[in-house]
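To start, the structure under review is shown below, and the notes come after it.
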Amino acid sequence: MRNKRFLVVLVGALIFGVLAAVTVSKYLSKAQAFSRNLTNVAVAKVEIPIGSKIVAEQITVVQFPKESTPDGTYDSVEKLAGRVAVVTIAAREPITEARLAPEGTAAGLSAVIPEGYRAMTVKVDDAAGISGFIQPGTMVDVVVTIDPAEGASRQDPVSKIVLQNIKVLASGQNIDKPENEREANSVKAVTLQVTPEQAEKLALASAEGKLQLVMRNQIDQGDEQTPGVNKRNLLTGDTAMPAPDPGSLKSEQPKSESK
């Protein structure tokens, strides 16, 4: 009887041993297959500000599944040291080629200017700068109030949108968003991203008239052609328009009733 019980226990132990060995073997095989499917990806240890030169201490290398790895990543710290970020890179975010300026680019504002564009600074006050809401990355239109040329039939000042959908590159000396409201409100100049032709218009507008920046929605890329306004047009009044919901698209906005 004892021998029979011993035999049952021995057979049970052998069965459980075999099952354990098979389970461990499958687990190790899956682990090896998973590790073979991993690749090294360089990510930011800390937030890397826009326009700054990357140093090795800001980067670490982690493993990503190959199918989940973003395009344009790097697999080592050495390949990234000295490159310049053209956008703010968040901590633990993979660093990709699309977020970097070309090799050899100097740090600072010049790194974030696209090819074919220029950076031009204009003075602003609390009114023209929309009380500190104009920050890097904001899209604005430029309005100028200017006296007509001598000899024109009408001598009243004219207000006209001269540039549309212009990106703000910097507010004051800051090419990133300010950390606090006081810093935003203390800005006395903004730097705009313009084409050479737009730079010529902006230079003349700032020299001959008074500039006003008009903020627009980031996704609003529309071209609005207006005739401008003088004193006579101004005194004709305007038509009441239903107030749209915040952030709504033009197609979603209520239409004014015709009289």
Side-chain angles (χ1 to χ4, degrees), residues 39-65 68-122 124 129-130 132-142 163-181 183-184 186-187 189-196 198-199 202 213 215-222 247:
T39 184
N40 290 336
V41 175
V43 301
K45 280 185 183 178
V46 296
E47 182 179 285
I48 301 174
I50 181 174
S52 63
K53 184 169 288 189
I54 299 174
V55 296
E57 289 74 19
Q58 295 175 311
I59 312 169
T60 187
V61 175
V62 299
Q63 290 191 317
F64 268 58
S68 301
T69 303
D71 294 334
T73 57
Y74 289 81
D75 58 6
S76 69
V77 173
E78 292 75 16
K79 295 178 180 179
L80 286 169
R83 298 292 297 272
V84 176
V86 296
V87 296
T88 298
I89 302 174
R92 296 181 294 278
E93 183 179 356
I95 303 174
T96 62
E97 179 65 25
R99 296 179 174 272
L100 304 174
E103 291 189 39
T105 302
L109 178 62
S110 63
V112 302
I113 303 174
E115 184 177 358
Y117 283 81
R118 308 290 186 266
M120 188 169 181
T121 301
V122 295
V124 296
I130 317 183
F133 287 103
I134 295 293
Q135 299 179 7
T138 303
M139 305 303 294
V140 298
D141 293 344
V142 179
L163 297 177
Q164 296 190 56
N165 204 35
I166 303 298
K167 183 177 181 179
V168 176
L169 290 177
S171 54
Q173 300 294 319
N174 195 351
I175 61 176
D176 204 352
K177 292 184 178 180
E179 297 180 357
N180 56 66
E181 185 177 349
E183 183 182 352
S186 66
V187 170
V190 296
T191 301
L192 306 178
Q193 177 179 289
V194 292
T195 64
Q198 290 172 332
L202 188 57
L213 302 182
M215 186 184 295
R216 63 193 295 163
N217 191 303
Q218 291 280 70
I219 63 172
D220 183 3
Q221 304 289 315

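The first residue in the sequence is number 1, and the count goes up from there. Any value given below was found using the heavy atoms of this structure, including those in side chains, with hydrogens, waters and symmetry copies removed. Just so it is clear, the structure is predicted and the values come from calculations on it, not from any experiment.
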Is atom CD of Gln221 surrounded by more than 12 heavy atoms (other residues, nucleotides or ligands) closer than 6.0 Å?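 Yes, enclosed.
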List the residues meeting side-chain contact (heavy atoms from CB on, under 4.5 Å) with Ala90, not counting sequence neighbours, and say none if there are none.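 Once residues adjacent in sequence are excluded, the partners of Ala90 under the side-chain contact (heavy atoms from CB on, under 4.5 Å) criterion are Glu93.
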Could you please spell out the steps behind the side chain to side chain contact (heavy atoms under 4.5 Å, CB included) verdict for Met215 and Ile134? CA-CA 7 Å; Met215 186 184 295; Ile134 295 293; 4.1 Å; yes
Any donor-acceptor pair under 3.5 Å linking the side chain of [X] with the backbone of [Y]?
X: Asp141; Y: Asn165; result: yes
X: Arg216; Y: Gly222; result: yes
X: Arg83; Y: Ala101; result: yes

Quick one: pull up [atom1] in [X] and [atom2] in [Y] and give me the separation to the nearest 0.5 Å.
X: Ile95; Y: Tyr74; atom1: CD1; atom2: OH; answer: 9.5 Å
X: Leu192; Y: Met139; atom1: CG; atom2: CE; answer: 10.0 Å
X: Asn40; Y: Asp75; atom1: CG; atom2: CG; answer: 6.5 Å

Do we see a donor-acceptor contact under 3.5 Å between the side chains of Thr69 and Thr39?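 Result is no, nothing qualifies.
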Compare every heavy atom of [Y] with every heavy atom of [X], then report the nearest pair and how far apart it is.
X: Ala91; Y: Lys45; answer: CB-O, 3.7 Å
X: Ala42; Y: Leu80; answer: CB-CD1, 3.5 Å
X: Pro136; Y: Leu169; answer: CB-O, 3.7 Å
X: Ala119; Y: Leu109; answer: CB-CD2, 4.1 Å

Between Thr191 and Thr121, is the side chain to side chain donor-acceptor pair (under 3.5 Å) condition met? List the steps. CA-CA 4 Å; Thr191 301; Thr121 301; 2.8 Å; yes
Distance-only donor-acceptor hits, side chain of residues 49-60, under 3.5 Å, sequence neighbours excluded:
from	atom 1	to	atom 2	distance (Å)
Ser52	OG	Pro49	O	2.6
Gln58	OE1	Val55	N	3.0

Is the shortest heavy-atom distance from the side chain of Val194 to the side chain of Tyr117 under 4.5 Å?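 Heavy-atom side-chain distance check fails, nothing below 4.5 Å.
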Side-chain contact test, heavy atoms from C-beta onward, threshold under 4.5 Å: evaluate it for Gln198 versus Ile166 and give yes or no.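 Heavy-atom side-chain distance check passes, below 4.5 Å.
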